[in-house]
Amino acid sequence: MKREELNREAIVALDKRHVWHPYTAMETYIQATNPLVVVGAEGAYLTDADGRRYLDANSSWWVSTLGHRHPRLVKALVEQVGVLGHVSLAGITHAPAARLASELVALAPGAGQEALPAGERLSRVFYVDNGSTAVEVAIKMAAQYWAQNGRPRRTRFITLSGAFHGETVGATSVGGMPEFREVFGPLLFDVVHVPSPAEEGGWERAFAEVERALKASPDEVAGVILEPVVQGAAGMQVYAPAFVRAVREATRAVDTFLIADEVFTGLGRAGARFACELAGVVPDLLCLAKALSGGLLPFAATLATERVFSGFLGGRERALYYGHSYCGNPLGAAVAREVLAVYRDEDVLGQVARKAPRVKAAFEAMAERVPGVVRPRAQGMVGAVDLGGGGYLSGKGWRVYEAALKRGLYLRPLGDTVYIAPPLNIPEATLEELLHGVEESLREASAG
Ligand SMILES: *Cc1c(COP(=O)(O)O)cnc(C)c1O
């Protein structure tokens, strides 16, 4: 039976009656928004039900780093679903999970460093569903590690202002964006907030606070969590890798953990395979999601060092009682393996290295040429500017969004930050089209 096709209006009507959208003021949406109705996507483009194409400037919330429906990923998915769609990972296993784990470990920060002690190697992979739970399990691993390895008072985490680590209550607790925290305040656990290294005053000021907090109560700090080099949701705030290195040294000095949340920066986005590598740092726990499954499936992983893992060996009472229904899902694992293979075969990191300077130069030029556009910044395949004050809930970015839509560009802002995070393999001509479209949209919004 062929499924009944719905036209655009019918889809929107059903949607407005029943769908509750993420990060969306629903009253305004229902009354005033004429949403894109995406019927297909290929490469860097989305296609709307009215037949128009839109360049996807943010890789669909940062996940489609190889573009939409990369033929090799689709093929890997289809082949896997014909064999094994899902099975739990509780004490049993399957080839995609086992093979992907070994491949991730071989690529992880520090993997090539002969001198790195075995305990400090990221040698173990825990599978989860998304970035939030990749962080959630890292928090629990750290807390349980200390609880059962002689440091039970270590229950507090140090986190950066502006940090975004996801949506669960645990991940929200270690987050540093007041807009997302305040309403849940009474539910969140206590953390130590330090300034963002991207703030004025430089990373040294932020680091001094980290060091102070570590020295003040080394017996209580379970770990420091950070997004290395780029704080994404805070508005693409770029900071010096030297901060990450300094934090690594400071956590080592008191023997506590560094948790690197590379859910956004991992797999090339920030210019290296992992942003930790820009700082020459190997964390104790590394959270990966988004790019890991190339935007095809919700699939994620947390890598742990052999030392962290070893802290859970022994009797049943020492095991990590944590897991999701879809842990290590074979479809996600098969696609993630193919993602890594495509990175290798298509030299995706080399492509990033070639295109990143162009992104940087274009955003600098926009700030020079368009009135009201300030703070150009770029890192790898991320470029951003601010519209001068207003913060996350300001409406300025949305004027640019509207101007961009008219030009066939899907350019969702972060408050008054306008940014791009396109597919890493975006063809150079398409990248030029994107950069031109961003500038034109900024110009129109700034004039209006
Ligand atoms: C997106 C993001 C998360 C949350 O990931 P989800 O897959 O949306 O749950 C966590 N940390 C960072 C740095 C992110 O950018």
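The residues of the chain are indexed from 1 along the displayed sequence. Order of appearance sets the numbers: ligands from 1, and atoms from 1 within every ligand.
The distance from atom CG of Leu55 to atom CD1 of Ile426, rounded to the nearest 0.5 Å, is 5.5 Å.
Listed by first then second residue, pairs satisfying ring pair (Phe, Tyr, Trp, His ring centres under 6.0 Å) with a partner in residues 120-143 read Phe126-Tyr322, Tyr127-Phe299, not counting sequence neighbours.
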Would you check, one step at a time, whether the test side chain to side chain contact (heavy atoms under 4.5 Å, CB included) holds for Phe257 with Arg307? CA-CA 11 Å; Phe257 293 143; Arg307 178 207 180 173; 4.1 Å; yes
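The closest donor-acceptor contact from the side chain of Thr256 to the backbone of Val221 lies under 3.5 Å. A distance-only check finds no donor-acceptor pair linking the side chain of Ser196 to the backbone of Leu160 [under 3.5 Å]. Using a distance-only test at 3.5 Å, with no hydrogens or angles considered, no donor-acceptor pair links the side chain of Tyr145 to the main chain of Val308.
Ordered by chain and residue number, the residues placing a heavy atom less than 4.0 Å from ligand 1 are Trp62, Asn130, Gly131, Ser132, Phe164, His165, Gly166, Glu227, Asp261, Val263, Phe264, Lys290.
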